[in-house]
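A short write-up of the structure that comes next.
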Amino acid sequence: MDFVTVRELRAESGKVWDRVAAGEEIVLTRNGKPFALVVPTAPADLEATLRAVRLRKLGQVVDALRRQARDNGADKLTDVQINAEIAAVRKARRERAASRR
């Protein structure tokens, strides 16, 4: 995997696309920070590739939510406590909506 700046991509896009076509994975950077990944794929593999990327992103979100729950103690709540919290939030929403009418 190699890093390519946006400026490099603009100036030498043909070379970058040739590298991707040859199987390289490219990380695009902007202001020195990665912001996009260019990976080779074939039309027949496109859906599977997108699914794999999306699944990995979902895993990262779930991991972050688990860490947040652990950090604030929410991972220790029982089902009864969770349902009570949900009911309280729903009640507060209904009351706010009713007061706006």
Side-chain angles (χ1 to χ4, degrees):
M1 182 174 351
D2 195 15
F3 291 78
V4 173
T5 66
V6 171
R7 182 175 291 173
E8 288 174 286
L9 179 61
R10 267 191 243 120
E12 300 182 15
S13 62
K15 289 181 184 177
V16 172
W17 300 136
D18 288 344
R19 290 170 56 195
V20 172
E24 280 191 60
E25 296 173 340
I26 305 288
V27 177
L28 294 179
T29 62
R30 181 172 41 203
N31 299 322
K33 297 178 183 172
F35 80 98
L37 179 63
V38 181
V39 296
T41 190
D45 300 332
L46 179 59
E47 288 300 321
T49 302
L50 285 172
R51 194 171 22 261
V53 169
R54 290 172 179 153
L55 185 59
R56 179 65 183 130
K57 285 177 142 183
L58 174 62
Q60 291 172 330
V61 169
V62 169
D63 290 344
L65 288 171
R66 285 183 175 147
R67 278 191 303 278
Q68 183 181 7
R70 186 181 58 242
D71 292 347
N72 67 23
D75 63 330
K76 305 285 190 266
L77 293 174
T78 66
D79 287 346
V80 171
Q81 291 169 316
I82 291 169
N83 288 329
E85 287 290 326
I86 292 169
V89 168
R90 287 178 177 164
K91 180 180 177 186
R93 284 183 184 168
R94 282 193 304 271
E95 290 171 355
R96 278 196 311 270
S99 69
R100 288 187 215 135
R101 293 180 196 160

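Quick caveat, the model's predicted, so the values are computed rather than measured.
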Original post:
Out of curiosity, does Met1 fall in the hydrophobic cluster containing Val39 (side-chain heavy atoms, cut-off under 4.5 Å, transitive links)?
Top reply: yes
Could you tabulate the donor-acceptor pairs under 3.5 Å formed by side-chain atoms of residues 61-76, not counting sequence neighbours?
unit_1, atom_1, unit_2, atom_2, d
Asn72, OD1, Ala74, N, 2.9
Asn72, ND2, Gln68, O, 3.4

**OP:** Rounded to the nearest 0.5 Å, what's the gap from CG on Asp45 to OG1 on Thr49? Could you check?
**Re:** 5.5 Å
**OP:** Kindly work out whether a path of hydrophobic side-chain contacts (I/L/V/M/F/W/Y, heavy atoms less than 4.5 Å apart) joins Phe35 to Val38.
**Re:** yes
**OP:** Search all heavy atoms of Val27 against all heavy atoms of Pro34 and return the closest pair with its distance.
**Re:** CG1-CB, 3.6 Å
Subject >> Results of side-chain hydrogen bond (donor to acceptor under 3.5 Å, both in side chains) for Ser13 - residues two or more places apart only >> reply: none
Original post:
What distance do Leu55 atom CG and Leu50 atom CG have between them, rounded to the nearest 0.5 Å?
Top reply: 12.5 Å
Subject >> Neighbour count >12 (heavy atoms, 6.0 Å) for atom CD, Glu85 >> reply: no
Subject >> Contacts of Arg96 that satisfy side chain to side chain contact (heavy atoms under 4.5 Å, CB included) - sequence neighbours left out >> reply: Ala92, Arg93, Arg100
Original post:
Quick one: salt bridge (Lys or Arg N to Asp or Glu O under 4.0 Å) pairs with a partner in residues 20-44, sequence neighbours left out?
Top reply: Arg19-Glu24
Enumerate donor-acceptor pairs with a distance under 3.5 Å from any side-chain N or O in residues 3-10 to protein atoms, sequence neighbours excluded.
unit_1, atom_1, unit_2, atom_2, d
Thr5, OG1, Glu8, N, 3.0
Thr5, OG1, Glu8, OE1, 3.1
Glu8, OE1, Thr5, N, 2.8

Original post:
Residues in side chain to side chain contact (heavy atoms under 4.5 Å, CB included) with Arg94, at least two apart?
Top reply: Arg90, Lys91
